[in-house]
Undergrad: 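The structure's right below; bear with me while I get my questions together.
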Amino acid sequence: MSKPVRAAIGDKWITCGFCRGGIFRSREVKLNSSGMEFLGLGWANESVTALICWGCGQVQMFANDDLELYKA
């Protein structure tokens with residue numbers, strides 16, 4: 001299991017949209033498209049950072065390169 005993190009974009013801290021928690025697990029998620037997978041090019045699909053709320057499990061995805069993760 002990944003370690004707990006806090007996340008921010010600029011000076012704005014990310015909170016869970018469901019429980020308002022501020023501690024998450026993070027992971028990279030591929031945004032696969034069927035066309036690229038069919039052509040064997042799934043590796044070229046865009047990736048996003050998913051934040052999974054430590055408290056309730058709500059998943060939020062961010063494609064913003066300015067997202068910063070900090071040890072909780």
Side-chain angles (χ1 to χ4, degrees):
M1 182 182 275
S2 59
K3 298 185 182 196
V5 297
R6 294 190 181 273
I9 297 176
D11 62 352
K12 185 164 179 110
W13 289 97
I14 306 296
T15 58
C16 174
F18 184 76
C19 74
R20 301 290 178 225
I23 299 177
F24 303 91
R25 294 187 309 263
S26 69
R27 65 175 296 175
E28 182 180 344
V29 176
K30 282 285 195 192
L31 299 177
N32 292 348
S33 66
S34 57
M36 294 291 274
E37 290 292 329
F38 180 76
L39 296 172
L41 298 172
W43 57 268
N45 282 314
E46 184 175 2
S47 294
V48 297
T49 300
L51 297 177
I52 305 154
C53 179
W54 200 268
C56 73
Q58 169 88 7
V59 178
Q60 300 179 74
M61 290 191 266
F62 294 86
N64 191 324
D65 291 335
D66 295 331
L67 180 71
E68 296 287 335
L69 303 177
Y70 302 92
K71 290 181 186 177

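Note that the structure is a prediction, hence the values are computed from the model and not measured.
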Undergrad: So if you build clusters from Ile, Leu, Val, Met, Phe, Trp, Tyr with side-chain heavy-atom gaps below 4.5 Å, do I9 and F24 land together?
TA: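 Linked, I9 and F24 end up in one cluster.
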
Undergrad: Test L51 against I14 for side chain to side chain contact (heavy atoms under 4.5 Å, CB included), laying out the working first.
TA: CA-CA 9 Å; L51 297 177; I14 306 296; 4.0 Å; yes

Undergrad: Taking the six-membered ring of W13, is NZ or CZ of R6 closer than 6.0 Å to its centre and within 45° of its axis?
TA: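 No, a cation-pi geometry is absent between R6 and W13.
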
Undergrad: Return the minimal non-hydrogen interatomic distance between I52 and G57, and the atom names on each side.
TA: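 Scanning both residues completely, I find the closest heavy atoms to be CG2-O, 3.9 Å.
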
Undergrad: According to side-chain contact (heavy atoms from CB on, under 4.5 Å), who are the partners of C56, at least two apart in sequence or on a separate chain?
TA: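 So C56 forms a side-chain contact (heavy atoms from CB on, under 4.5 Å) with C16, F18, C19, C53, Q58.
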
Undergrad: Under 3.5 Å, which donor-acceptor pairs link side chains of residues 60-72 to any protein atom two or more places apart or in another chain?
TA:
{"residue": "Q60", "atom": "NE2", "partner": "T15", "partner atom": "O", "Å": "3.3"}
{"residue": "N64", "atom": "OD1", "partner": "D66", "partner atom": "N", "Å": "2.6"}

Undergrad: Which heavy atom of R25 sits nearest a heavy atom of W54, and at what distance?
TA: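 So the two residues come closest at CG-CZ3, 3.0 Å.
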
